[in-house]
Every structure is written in C-alpha cells, then in structure tokens.
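Notes for the one structure printed next.
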Amino acid sequence: MGHLDHAALGWLTPVLSYVMACIGAALGLRCTMRALGATGRSRRNWLITAASAIGTGIWTMHFVAMLGFSVSGTDIRYDVPLTIVSLLVAMIVVCAGVFAVGYSRDRARALFLGGLTTGLGVASMHYLGMAAVRLHGQVHYDPLLVGLSVLIAVVAATAALWAALNIKSPVAVTIASLIMGAAVSSMHYTGMFAVSVRVTPSGAALPGATAMQFIFPLAVGLGSYLFLTSAFVALSPSTGEREASASAQRPVENVAAL
C-alpha cells in the first residue's frame, strides 16, 4: 500500500480550500436572497449566478485540496476531460437544486428534493474528480466512509438551500457560510480518507496533466471569478435599496411637475 498524504503542502491547501468553499457559499446565499426578492428574468439570472458561485466554490475547494494530495511511490496525473466534466456536474446539479427552491411553491418538498439532488450531485462531482486521478497502482475505497461522505453532502446541500430560504441578515449569512464551508470540507476529507492505493511501481509515463499544469491554473481562474462576482454582488443594489431609491425620487418628480 502506498502512503497517502492529504496535506503534502502543509496547512496551505486545507485552509485555502475551506476559504474557497466559504466564499462560494456566501456568494450563493447572497445571490439566492436577491433572486427571491426579484421576478422574471432578474430572478432567473440571480439564481444562475447563485448556482455558478456555489458549484464553483465546491469544485475549487475539492481541487485546491487535491493540490496537497500525494501517494508515496508514484506520481499523480489528472485526466483533463473527466476533470472538466466534474466541474460541469457540480454546476448543473447545484443549478437544479437552486432553481427547485427558487421557483417551487411547496418549499418543504422543494427543499427535500433539491437537497437530495444537489447532495448526490456534489458527491458525484467528488468521485468523478477522483476517477480522473491517474497513478501507478489501483485505487480502492472504504464503502462505509464513501456512504458517510455522501450523507454529509446531502445534509450540507439541504442546509445550504434551507439557509438560502430563511437567512436574511449579513451576520447570519456569514455564520451560515462558515458552517457550510466546514460541511463541504468535511465531505471532501471523509471521501479522501476512504481512499487506499495499492502502488504498482512502474517507469512508464502517466497520461494526463500534473496538478500544477492544469488544476492550479483552473482553480486560480475560478477563484478569481468568485472574487470578481462577489465584488459585483456587493456593489449591486438590492431590491429593497432600489425600491427605497425609487420612493425617494417620486416626491422630487411630483414637485417638479407642479
């Protein structure tokens, strides 16, 4: 068995991955709150932004954490197409869950179905990402820990959607984001602790790209997207602010008409 190190770069990757998960969760919550206060095309656009933020945050968290993953006795490469598929899966399933909550009139049913769908999707993203790993040897999983990681993903997704429906204040959003980031990180590392590798020494070249060739640049790009979108959301007026501005302008317009 090869020795697995989940933090080969020290605390850098666990901490940074947690931060990315929290940023994605906070941005997703803020966008969902904006969506629930909007109608028509505006609601749809806010929900799409929320889904992309949460999905990007979860995927970036996973692969930033994977930058610290190593196995003694073998190099590690990543299958590029399969890694991109895992990102698309994260986006699509989170979008389905967010839209279910954003448009359904039966919130309880939507919360259950959305949480289940999104949680299973997040778990699928994780294990698709692991299926993209190429190394000299065979990867095995502990079924109990795999099941626990899936359960954590479903609970975390349901809690995220519930928070999007019920949390309004900035302080509450911050606390919920920290909790959600911890839940996503817990799901990831539970899934990683389920992994064992039987190394088969070989001098053959592995297919795929190294983490620094592919994962790192993509994670930096998606992280930049999260930061830029956060700035846009922070500067964009909320529905309440727009209504207050419109109300303040009406008396001025009435006076001008006189």
Side-chain angles (χ1 to χ4, degrees), residues 17-36 38 43-66 82-104 107 109-130 132 149-167 173 176-188 191 218-219 221-230 232-233:
S17 62
Y18 171 68
V19 169
M20 299 309 298
C22 291
I23 292 174
L27 183 55
L29 289 177
R30 292 293 295 171
C31 290
T32 305
M33 289 167 55
R34 297 290 180 90
L36 295 177
R43 170 173 287 198
R44 182 200 65 191
N45 291 342
W46 278 118
L47 288 174
I48 290 174
T49 305
S52 67
I54 296 173
T56 298
I58 292 172
W59 188 93
T60 306
M61 178 272 141
H62 171 80
F63 280 101
V64 167
M66 289 301 291
L82 194 53
T83 302
I84 293 175
V85 168
S86 72
L87 172 60
L88 296 178
V89 167
M91 295 287 193
I92 292 170
V93 297
V94 172
C95 191
V98 168
F99 268 74
V101 169
Y103 283 104
S104 178
R107 293 290 176 85
R109 185 169 181 269
L111 188 61
F112 172 76
L113 293 177
L116 180 62
T117 301
T118 304
L120 292 176
V122 169
S124 298
M125 179 279 300
H126 174 87
Y127 288 105
L128 273 173
M130 288 304 298
S149 71
V150 174
L151 177 62
I152 293 173
V154 172
V155 172
T158 305
L161 296 176
W162 178 89
L165 288 174
N166 295 281
I167 290 177
V173 167
S177 301
L178 294 174
I179 295 173
M180 288 164 56
V184 171
S185 296
S186 297
M187 177 266 161
H188 171 82
L218 187 56
L222 293 175
S224 299
Y225 163 77
L226 285 177
F227 281 108
L228 291 174
T229 307
S230 298
F232 168 76
V233 173

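All values reported here derive from a predicted model rather than from experimental measurement.
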Run the side chain to side chain contact (heavy atoms under 4.5 Å, CB included) check on Thr158 and Leu116 step by step: do they pass? CA-CA 7 Å; Thr158 305; Leu116 180 62; over 6 Å; no
Run Met187 and Ile58 through side chain to side chain contact (heavy atoms under 4.5 Å, CB included) and show every step you take. CA-CA 10 Å; Met187 177 266 161; Ile58 292 172; over 6 Å; no
Would you please test Met33 and Val173 for side chain to side chain contact (heavy atoms under 4.5 Å, CB included) and show each step? CA-CA 10 Å; Met33 289 167 55; Val173 167; 3.6 Å; yes
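Listed by chain and residue number, Tyr141 satisfy the ring pair (Phe, Tyr, Trp, His ring centres under 6.0 Å) test with Tyr127 (two or more places apart in sequence, or in another chain). Every side chain to side chain contact (heavy atoms under 4.5 Å, CB included) that Arg109 has, sequence neighbours left out, goes to Asp106, Leu113. Residues meeting the side chain to side chain contact (heavy atoms under 4.5 Å, CB included) test with Ala26, sequence neighbours left out: Ser177. Residues satisfying the side-chain hydrogen bond (donor to acceptor under 3.5 Å, both in side chains) criterion with Ser52, sequence neighbours excluded, are Tyr225. When the ring pair (Phe, Tyr, Trp, His ring centres under 6.0 Å) test is applied to Tyr18, no partner is found at least two apart in sequence or on another chain.
Annotation: the span from Met61 atom CE to His126 atom NE2 amounts to 9.0 Å, rounded to 0.5 Å. Of the inter-residue distances, the one linking His62 atom NE2 with Met130 atom CE reads 6.5 Å to the nearest 0.5 angstrom. Rounded to the nearest 0.5 Å, atoms CG (Leu47) and SG (Cys95) are 8.0 Å apart. Here Ile48 contributes atom CD1 and Arg43 contributes atom CZ; the two are 13.5 Å apart, rounded to the nearest 0.5 Å. Here the CD1 atom belonging to Ile54 is positioned 5.0 Å from the OG1 atom belonging to Thr32, to the nearest 0.5 angstrom. Ile23 CD1 to Thr56 OG1: the interatomic distance, rounded to the nearest 0.5 Å, is 12.0 Å.
Minimum interatomic distance between Ser17 and Val64 (heavy atoms only, all atoms of both residues): N-CG1, 3.8 Å. Across all their heavy atoms, Val93 and Val122 have their closest contact at CG2-N, 4.1 Å. Closest approach of Phe63 and Gly129 over heavy atoms only: CZ-CA, 3.8 Å. Across every non-hydrogen atom of Gly97 and Thr118, the tightest pair is CA-OG1, 3.3 Å. Closest of all the heavy-atom pairs between Val89 and Gly121 is CG1-O, 3.8 Å. What you find for Ala132 and Thr83 is that their closest heavy atoms are CB-OG1, 3.4 Å.
Applying the side chain to side chain donor-acceptor pair (under 3.5 Å) definition to pairs two or more places apart or across chains, those involving residues 84-101 are Trp59-Ser86.
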